[in-house]
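Have a look at the structure below, then the notes.
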Amino acid sequence: MSELHSSVLTALGEAIVSGRYQPGQVLTLDSVSTDHGVSRSVAREAIRVLESMRMVAPRRRVGITIQPPTKWNVFDPRVIRWRLDAGDRAAQLTSLSELRRGFEPAAAALAARRADPHQCRIMAAAVSDMVVHGRSGDLESYLLADKVFHRTLLEASGNEMFRALTDVVAEVLAGRTHHGMMPSRPNPTAIELHDEVARAIRLRDEVAAERAMRAIIDESAAALAEDLSPRTT
C-alpha cells in the first residue's frame, strides 16, 4: 500500500468512526478524489479497502454509502486503531477489555498444556525485557516486549482462532501506550503477573496460568477505568 493510499484510507476511516460521515451518507469517487487531492484510482483503492471492512457499501445509481457500526468488521486492527484514535475511545477500550477477558485466560490454560520449550523461553525472555524497560521507563521497548509475550502465548495455545486475535491484542496494548494511558513506569504488579503466567505455562499448571492471565486483564481494565474516569477538582 502506497503512503498516499494509506493516508487517504486512514482519513476516511477516521471520518467514519468519528461520526463526521454518518451512516447512510453517500460519497462518490469524485468527492473523495477532490476532498483529498488524489486521483480517482487512489480514491477507488481506499474505498475498496473500506468495503472489505464493511464500513461502506457501493450501491448502483446511488454511490458509496456509509454503513452503521453494526456492519463493520470490528476485529480488523485498522478499525480498532481508528476507533482508539478518532472514535469513542472509552467504549472501544471497554469492549476490548471484555473481549480479552473472554479468551486470553483460556488461551493461557491451553498454552500450559501445549507450549513447546522454545515458546516458553520466548515468553520468559519477554518478561525479562519488560522488567528492564519498565525500570528504565522506555515505554516503546516495553510495548514491544509485551506484544511478543502475548503473541507467543496465543500461538502457544495451539488454537488457530485465538492465534488470529494476535493483532487485536497488539492494538489494545499499542493504543494504551500511544494515547498516554500507561504510567511513566509500568506497574510492577503487572510485570509480576506476566512472570506468573510464563512460569505456570512452563510448569504445565493450567489453573495457575488461567488465573494469572485473568489477573493481568483485570489490572489493565482497572487502570484504564481510572484513567478514563472524569477528574474532579
Side-chain angles (χ1 to χ4, degrees), residues 75 77 80-81 84 92-93 96-228:
F75 288 99
I80 293 171
R81 191 178 315 134
L84 291 174
Q92 174 71 133
L93 286 169
L96 290 166
S97 292
E98 291 170 351
L99 173 67
R100 291 183 67 194
R101 189 176 288 114
F103 74 87
E104 278 201 279
L110 287 174
R113 187 187 310 171
R114 298 169 175 168
D116 61 39
H118 179 63
Q119 290 167 328
C120 290
R121 285 193 294 271
I122 291 176
M123 283 183 278
V127 172
S128 295
D129 288 343
M130 291 171 71
V131 171
V132 171
H133 301 308
R135 287 173 178 165
S136 70
D138 184 345
L139 294 184
E140 285 299 326
S141 295
Y142 181 91
L143 171 62
L144 178 59
D146 202 7
K147 285 181 176 180
V148 169
F149 179 91
H150 288 275
R151 182 185 69 237
T152 306
L153 182 143
L154 292 175
E155 291 172 350
S157 75
N159 182 295
E160 71 277 10
M161 296 294 201
F162 289 159
R163 187 169 59 245
L165 293 168
T166 296
D167 289 341
V168 171
V169 175
E171 287 299 334
V172 178
L173 301 175
R176 188 180 175 192
T177 297
H178 295 154
H179 289 289
M181 296 177 178
M182 282 287 287
S184 58
R185 294 287 191 278
N187 186 352
T189 299
I191 300 175
E192 291 170 7
L193 287 169
H194 281 75
D195 187 45
E196 285 185 29
V197 171
R199 183 169 59 253
I201 290 173
R202 186 174 65 252
L203 297 175
R204 304 298 184 194
D205 189 336
E206 297 179 33
V207 173
E210 181 173 356
R211 182 175 59 244
M213 179 54 70
R214 193 174 304 280
I216 287 174
I217 298 168
D218 288 345
E219 184 279 331
S220 176
L224 286 171
E226 182 178 351
D227 194 84
L228 293 168

### Over all atoms of both residues, closest heavy-atom pair of A111 and I201
O-CG2, 3.5 Å
### Task
Quick one: which residue pairs count as a side-chain hydrogen bond (donor to acceptor under 3.5 Å, both in side chains) with a foot in residues 110-126, not counting sequence neighbours?
R113-E206
### Query
Are M213 and L153 close enough that some pair of their side-chain heavy atoms sits under 4.5 Å apart?
yes
### Shortest non-hydrogen contact between F75 and L99, atoms and distance
CE2-CD2, 3.8 Å
### Query
What is the minimum heavy-atom distance between A200 and A112, and which atoms define it?
O-CB, 4.2 Å
### Message
Tell me every residue that passes side chain to side chain contact (heavy atoms under 4.5 Å, CB included) with V172, counting only those two or more places apart in sequence or in another chain.
### Response
L96, R100
### Query
Among pairs that include at least one residue of residues 178-196, which meet salt bridge (charged side-chain N to carboxylate O under 4.0 Å, His left out), considering only residues two or more places apart or in two chains?
D195-R199
### Message
Applying side-chain hydrogen bond (donor to acceptor under 3.5 Å, both in side chains), can you list everything that pairs with S141, at least two apart in sequence or on another chain?
### Response
D138
### Message
To the closest 0.5 Å, what do you measure between CD1 (I216) and CG (L193)?
### Response
5.5 Å
### Query
Can you list every salt bridge (charged side-chain N to carboxylate O under 4.0 Å, His left out) pair that touches residues 159-183, not counting sequence neighbours?
R81-E171
### Message
I'd like to check the side-chain hydrogen bond (donor to acceptor under 3.5 Å, both in side chains) partners of E219; sequence neighbours left out, ordered by chain and number.
### Response
N187
### Message
If the condition is side-chain hydrogen bond (donor to acceptor under 3.5 Å, both in side chains), which residues does H179 pass it with, not counting sequence neighbours?
### Response
D85, R89
### Task
Specify the closest pair of heavy atoms between F103 and L154, including all atoms of both residues, with the distance to one decimal.
CE1-CD2, 3.9 Å
### Task
Can you sort out the partners of E210 under salt bridge (charged side-chain N to carboxylate O under 4.0 Å, His left out), two or more places apart, ordered by chain and number?
R214
### Task
Decide yes or no for H133 and L144: does some side-chain heavy atom of the first lie under 4.5 Å from some side-chain heavy atom of the second?
no
### Residue pairs involving residues 122-136 (criterion salt bridge (charged side-chain N to carboxylate O under 4.0 Å, His left out); sequence neighbours excluded)
none
### Task
Report the residues that fulfil salt bridge (charged side-chain N to carboxylate O under 4.0 Å, His left out) with R202, sequence neighbours left out, ordered by chain and then residue number.
none
## Note on the structure
Sorted by chain and residue number, the ring-ring contact (aromatic ring centres under 6.0 Å, His included) partners of F149 (sequence neighbours excluded) come out as H194
### Task
Please name all residues satisfying side chain to side chain contact (heavy atoms under 4.5 Å, CB included) with A221, sequence neighbours left out, ordered by chain then number.
S97, R101
### Query
If you take all heavy atoms of S157 and L110, which pair is closest and at what distance?
O-CB, 3.6 Å
### Query
H178 and L143: side chain to side chain contact (heavy atoms under 4.5 Å, CB included), yes or no, with the steps?
CA-CA 10 Å; H178 295 154; L143 171 62; 3.8 Å; yes
### Query
Can you tell me how far the NE2 atom of H150 sits from the CG atom of L173, to the nearest 0.5 Å?
5.5 Å
### Query
Rounded to the nearest 0.5 Å, how far does OH of Y142 lie from OG1 of T177?
8.5 Å
